[in-house]
J.: 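Please read through the structure below; I'll follow up with questions.
Proteins get letters first, then strands, A, B, ... in listed order; numbering begins at 1 in each. Values below: all heavy atoms of this structure, side chains included; hydrogens, waters and symmetry mates excluded.
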Amino acid sequence: MAKRTIIPFGPQHPVLPEPIHLDLVLEDETVVEAIPSIGFIHRGLEKLVEKNEWPEMVYVIERICGICSFGHGWGYCKSVEGNLGITVPPRAEYLRTIWHELGRMHSHLLWLGLLADSFGFESLFMHSWRLRETVLDIFEETTGGRVIFSVCKVGGVRKDVPDEKLAEIAGTLRGMIPELKELTDVFLEDLSVKNRLEGVGVLSTEDAKELCAVGPVARGSGVRMDVRLDGHGAYADLGFEPCVEEGGDSMARCKVRVRELFQSIDLIAEAAGHMPGGDIEVKVKGNPSGEFVGRMEQPRGEAYYYSKGNGSKFLERIRVRTPTNANIPALVRMLQGCDLADVPVLVLTIDPCISCTER
Amino acid sequence: MSERKDLIQDIVTIEASHLLESVSDIKSEGYRLGQACATKAEGAVEILYSFEKDETLKNFKVSIEDKDPEIHSISGIYWPAFIYENEMHDLFGITFRNLALDYGGHFFKIASETPWNPVEDRGAKPREASGKELKSAKTDKENKKDKVDKERKGK
Amino acid sequence: MPGLKIGKMIMRSLGGKPATLMYPVIPREWKERTRGHIAVDMDTCILCGICGKKCPTDAITVDRDAKTWSIGRMQCIQCSCCVDVCPKKCLFNEATYTTPDVYKIVDTFEKPEDQGSAANEGSLKCDDTCVFCGICAKKCPQGAIAVIREDKKWEVDDDKCTRCGLCIEGCPKKSLKIE
C-alpha cells in the first residue's frame, strides 16, 4: 500500500496564479484527493449596498474584478433595469456588446499568456501580452481607462463612440488576425505545449453536467451551453453559435478559448457594421422595488446577478455569483488522478478568478 | 429576432419542508443548479435557489426564521451546492443538515461572527441603510489614525 | 527544428524595435478620453456640495464657510460621477494621472476673493402656480427648502441656498426662478 502524504498548495506559491488553497492528498506523486479552501480575499463588497445609493453602486460592482470588469457592470445594470422595468435603446445595447466582446478578447489573451507561463514558456507569455496591449489601447481611446471603464450605467451607457471610430476599431482588430493566428498556432500545434496539455485533466460530459460546470470548462467537454443564446444585448441580431469541443481535456478547453477569440473579432466587426442610430441612454425615474435575477456570459462562464429593492434609494440585496464559484467542484474532480506537476496547469485551465469568487 | 428569454423570472415560494421534494423533481426534469443565495428580511432569512435549463430560469424561494436558522441541505441531490451553503453558513449563521462537505464555519476568513445576520439583530427589522452617516463615521476613525495626509494648495 | 512553431515570431522580434517604452525618460502619450485626474474651475464653482454627496468614495469635501473645494487624490477612483452631476459643469477630467507619493495627497482649491457671494445673483422665488408637492425640498442638496402641504407653506433659507438650480429643474409646474 503506497504511503499517503498531504501537501498544502497555496495561497502563495510561485506557479499558482490565484490565491486558492488546496490540500492535496498524494500517493507517490499522484493526486488522490484535493480539498479546496477559499476566502483569503473576502472584502464583503455586496454589503456596500447599505452605504451607496443604487446609481453609484455600479462603480463598486465593476471593481469586483479587473479582468471581467465590464461584464460585472453590465450585469448589475441589467438586473436593476429588470427591476425597474425599463428597456435600453438599441444603440446602447450594441455599444455594450462591443465592449463586452473586447473584454472577452483581452481576458482570453491574458489567460493564454498565463497558461504559457505556467509551464515555463516565457517568451510565448510575453508575446500574448504584447498583443493584448492593442485591445487595451482601444479601451483607453473609447472609455478612458485601460482596466476599469466606468462606462455602463443604469439606463444605458455614459459615452458614445462615433461610427467612424468603430469602423477604425474593426479594421485594427482585423489587422491583428494574422499575428493572432501565428500565436494560437503555437498553442495548438507546438510539440512541447501538446505534451503538457493533451490528455491532462479529463472531465467527461456526464461529469460536466452533474457538477454544473459553466463556461469554456463545460463547452470543452461537449456541453452546449452559453448565456448569449438567450437573446440579450445585440446577440439575437448577430446570429451567434457557441464554440463546443469534444474531448474534455486541457487541450479542448484551450481550443474553445482560441476559437472564441476569433469569434469575438467577427462579432465586433459585424456589430460595428450594423450600428443603429439614436440615443445612448434613457431617463430613469423612481426606485427599484421587487426582485430580478439576471445572467451574463463572462469570459469565464455564466454569472448570476440578483438584486432586490424595496422602493428606497438603497437596494436591499445584491448577489453576484461568478463562474469560478461554479467551476471549483469541477476542478476537484479533475485533480483526482493527475500528477503533482500538472496541478498548476489544471488550476489554470478553469481560468480561476478568485477575487470574483469571494467578492 | 428571437424572444427575450432572459426576462422570464418564475420565482415560486415553497415551504421548507417541501424543499427536497421539489428539488428532486426538478433534477429529474434535467435542470442544472445555478446559484443559492440568502437575504435578510424582517424576522426571517429568505433563501433563493435558481435552476436553469435551455436558457430559462426557475427559482425557488424558502423563508425560515432567523433566530436559529436551520434547513436541510440539497448537496445530496446537487453536490456543487456545498460551496453556496458553506458561504451562507459563514455569513448568515444558517445550519444545513447533512451537508456533503462541511467546513464547520471556516470557509471564509472573516473577522466577526455571521456579519450579515448579527446576533443582536435577529428577530428585528434589518438595519436601515444609513448611507452617508455610516460613511462619515468611518472617515472620522480613519482621520484619527492617519495623520500623514499631505496638503497641497491649488490655484 | 520540428515543433518550434514560435521560431518565426522570435526572429521577427530580434530584428524589430522593442515593444516596451522607456518610461519615464520618454513621456507617455495619453489618449483624448483618458480619465486621469479631476480638475475644477473655481471661477464657476458655486460650492453647492452635490459632487461631495454623490462621490462613492467620499473623496471630495466642500467647505462653504471657508470657500474651499478639496479632493483626496489617492481616494479618488476616477469614476467621473462628480463631472456628470455638477450643475454648473465646472469639473472635468484631465488626462494625466496623479504621481505616486508616500503620503496621501489632498489638493485644496480656494474660491478667488473678488468673486461675490451667491446672494448677489438674486434669491429663489416661488410663484402662485405652486401645488406644494414637495419635490423641490426633496431634491435640495443643502436642505434649504421647507414645504408644508397642509398649511400651504413654502419657504427657503436664503443662507443655505447655493443657487444650484436643481429645484428649478425638478419643479413639475415650473413655479421656481432666481431673481
J.: Spell out, as yes or no, whether a donor-acceptor pair under 3.5 Å connects the side chain of Arg321(A) to the backbone of Gly34(B).
T.: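 Side chain of Arg321(A) to backbone of Gly34(B), a donor-acceptor pair under 3.5 Å: yes, one is there.
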J.: Would one find more than 12 heavy atoms of other residues, nucleotides or ligands at under 6.0 Å from atom CD of Glu15(B)?
T.: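 Open.
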J.: For a quick test of reading the model, state the closest non-hydrogen atom pair linking Arg32(B) to Ala213(A) and the distance between them.
T.: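 Taking Arg32(B) first and Ala213(A) second, the nearest heavy atoms are NH1-O, 4.4 Å.
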J.: Quick check: are there more than 12 heavy atoms from other residues, nucleotides or ligands sitting under 6.0 Å from CD of Glu210(A)?
T.: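 No, because the 6.0 Å sphere around CD of Glu210(A) holds 12 heavy atoms or fewer from other groups.
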J.: Which bit of Glu46(A) comes within less than 4.5 Å of chain B, counting heavy atoms only: side chain, backbone, both or neither?
T.: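 Both parts, heavy atoms under 4.5 Å.
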J.: With side-chain contact (heavy atoms from CB on, under 4.5 Å) as the test, would you mind laying out the steps for Tyr103(B) and Ile35(A) before giving the verdict?
T.: CA-CA 10 Å; Tyr103(B) 285 78; Ile35(A) 304 167; 4.1 Å; yes
J.: Salt bridge or not between Glu55(B) and Arg295(A)? Use side-chain N to carboxylate O under 4.0 Å.
T.: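 No salt bridge links Glu55(B) with Arg295(A).
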J.: So does Arg317(A) pair up with Glu46(B), basic N to acidic O under 4.0 Å?
T.: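 No.
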J.: Can you check whether Thr39(B) reaches Tyr306(A) side chain to side chain, under 4.5 Å on heavy atoms?
T.: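 A side-chain contact exists here, since the closest heavy-atom pair is under 4.5 Å.
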J.: Going through the distances and angles, do Leu91(B) and His42(A) end up as a side-chain contact (heavy atoms from CB on, under 4.5 Å)?
T.: CA-CA 11 Å; Leu91(B) 294 175; His42(A) 178 70; 3.9 Å; yes
J.: Taking all non-hydrogen atoms of both residues into account, name the closest pair between Ile83(B) and Pro329(A) and its distance.
T.: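 Shortest heavy-atom contact: CD1-CD, 3.9 Å.
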J.: Which bit of Asn86(B) is near chain A, if near means a heavy-atom gap under 4.5 Å: side chain, backbone, both or neither?
T.: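 Contact with chain A is absent: no heavy atom of Asn86(B) under 4.5 Å.
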J.: Which distance, rounded to the nearest 0.5 Å, do you find between the SG of Cys212(A) and the CD of Glu52(B)?
T.: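 It comes to 10.0 Å.
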J.: Provide the closest heavy-atom pair for Val293(A) versus Ser50(B) in the form atom of the first, atom of the second, distance.
T.: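 Result for this residue pair: CG1-OG, 4.4 Å.
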J.: Would you compute the distance between atom CZ of Arg319(A) and atom OH of Tyr84(B) and round it to the nearest 0.5 angstrom?
T.: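 These two atoms lie 7.5 Å from each other.
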J.: How about CD on Gln12(A), more than 12 heavy atoms from neighbouring residues, nucleotides or ligands closer than 6.0 Å, or not?
T.: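 No, not enclosed.
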J.: Rounded to the nearest 0.5 Å, what separates atom CD in Glu87(B) from atom CG in Asn325(A)?
T.: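 Separation between the atoms: 6.5 Å.
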J.: Quick one: CG on Leu211(A) to CH2 on Trp79(B), what's the gap to the nearest 0.5 Å?
T.: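 One finds 6.5 Å between CG of Leu211(A) and CH2 of Trp79(B).
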J.: Could you grab the distance from atom OH of Tyr304(A) to atom CG of Leu57(B), nearest 0.5 Å is fine?
T.: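 So the gap between those two atoms works out to 5.0 Å.
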J.: Can you tell me how far CD of Glu291(A) sits from CD1 of Ile11(B), rounded to the nearest 0.5 angstrom?
T.: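 Atom-to-atom, Ile11(B):CD1 and Glu291(A):CD are 4.5 Å apart.
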J.: Top residue by heavy-atom pair count (under 4.5 Å) with chain B, among Ser37(A), Gly39(A), Ala326(A)?
T.: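 Ranked by heavy-atom pairs under 4.5 Å with chain B, first place is Gly39(A).
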J.: So which part of Asp226(A) gets closer than 4.5 Å to some heavy atom of chain B, the side chain, the backbone, both or neither?
T.: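 The backbone, not the side chain.
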J.: Side chain, backbone, both or neither: which part of Lys53(B) has an atom under 4.5 Å from a heavy atom of chain A?
T.: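 Neither the backbone nor the side chain of Lys53(B) comes within 4.5 Å of chain A.
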J.: Heavy-atom count around Lys209(A) NZ within 6.0 Å, excluding the residue itself: above 12?
T.: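 Atom NZ in Lys209(A) is not crowded, with 12 or fewer foreign heavy atoms closer than 6.0 Å.
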